[in-house]
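Below is one structure, written out as structure tokens; the observations come after it.
Everything numeric here is computed off the predicted structure, so don't read it as measured data. Numbering of ligands and ligand atoms starts at 1, following listing order. Position 1 is the first residue of the sequence, and the numbers go up from there.
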Amino acid sequence: MGKYIINRAAIRHNAAAVQRAAGVPVIAVVKANGYGMGLEWMAATLHECGIRAFAITELSDIAPLQDAVGTDCDILMLRSTALAVEAAAIVGAGCIASVGSAAALGALSDAARAAGTVARAHIKVDVGLGRYGFSPDDLAGLEACFAADDVAIEGIYAHFPGASNLGDLEASRTQLARFVACCEALGARGHKVGTRHMANSPALFNLPEARLDAVRAGSAFLGRVITAADTGLERVGILEAPVIDVKDFPADTPMGYGGAFRTKRATRAAIVPVGTQDGFGVQVKPLSDFHQVLAAGKRWMQKSSETVTIEGRPYPVLGVVDLSLSMVDVTDGEVAPGAVARIDINPLFLSARTPREYC
Ligand SMILES: *Cc1c(COP(=O)(O)O)cnc(C)c1O
């Protein structure tokens, strides 16, 4: 098991860059344990950077998030839920609910009435992701949200299914246009939609016109956005472990479970105690541009799934990554036990057990 190094200064730098690029308030999405960085740490760090609105998907994240950022912040619950217990918890915590269906509106309205309060809510519109949210064509359903006495609509949002798909940003533009038209239709009927937000991190950089009244960003804080734009973001997060031994194998040695991989030549392997239990080798790599296809082709030719950097130099993993170990081909280098191996893995895939080191 390695340790995951998280650079606080890089997060700060990225938070400033995101806020500058947005030019409108930023809602920091800290779902999935703050994208693997640690929910409380991530939220507190972004709060120090001036972020005052956060979004999560899990009810169990509300209390730790409130502890981390205090009560002066808005917390948007991205989950639209028709469950009475969940609606009651969201209202009870003073979060902003997402309303994406008539049933969710009913549950929220009931919960607010029972609590003797008015629930804060943003309407969720589905323009192509195919998850929760009203269809923009469902004007009757959308208008009902404004008619509920116990619910105060403060905003409206939609989510892009493919704003990182650089080959087809036209689809995202069409979705944005549908969302904006939906907001206008509601406005024309006399409803105040409040804060309109649609851009996630890739849209912030790939489709700047999507910024509207607020931006919901998550991956941008980690500097991990698929974009051709010059974002100025720094990549955050690197898994580190020492080489624990170095071993020589003759040519044609089977390696790993099932013997699916065989050394093609006399091979020197560095043993690095990091594997799929850490989240290494589990991420499906996107193939959205030519370079990624090329890199995938190269990995396939080498029958190597991954790359490990040892003392600044990249080396291929021999065969597939094991549960707790990686065998790294260092035949062409000078690597001794104790050398530090570094692996770029997305913290979203990092095991909760892998220790985080904040520096
Ligand atoms: C995860 C999520 C985001 C943030 O997406 P990034 O691409 O990481 O910026 C924004 N909005 C919703 C609804 C999400 O689920």
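- Inclusion of S219 in the set of residues having an N or O under 3.5 Å from an N or O of ligand 1 is warranted.
- Note: no N/O pair closer than 3.5 Å links A220 and ligand 1 by distance alone.
- To the nearest 0.5 angstrom, M77 atom CE is 7.5 Å from D61 atom CG.
- Residue P202 approaches ligand 1 through these ligand atoms, each under 4.0 Å from one of its heavy atoms: 7 (O).
- Rounding to the nearest 0.5 Å places CD1 of I238 at 9.0 Å from CD1 of I5.
- Regarding atom 11 (N) of ligand 1, its nearest protein heavy-atom neighbour is R216 NE, 2.8 Å.
- No donor-acceptor pair closer than 3.5 Å links the side chain of S351 to the backbone N or O of D278.
- Listed by number with element, the atoms of ligand 1 under 4.0 angstrom from any heavy atom of Y35 are 1 (C), 4 (C), 5 (O), 6 (P), 8 (O).
- Donor-acceptor pairing under 3.5 Å is lacking for the side chains of R211 and H197.
- Atom 15 (O) of ligand 1 has its closest protein heavy atom at K31 NZ, 2.7 Å.
- Under a 4.0 Å criterion applied to the non-hydrogen atoms of A217, ligand 1 contributes the atoms 9 (O).
- Annotation: the span from L186 atom CG to L139 atom CG amounts to 6.0 Å, rounded to 0.5 Å.
- D329 has no carboxylate O lying under 4.0 Å from a charged side-chain N of K264, or vice versa, which leaves the two without a salt bridge.
- Distances between N or O atoms of S201 and those of ligand 1 include at least one value under 3.5 Å.
- Heavy-atom proximity to atom 12 (C) of ligand 1, evaluated over H159, K124, M198, is greatest for H159.
- Shown here for C145 and I153, the closest heavy-atom pair between the two residues is O-CG1, 3.6 Å.
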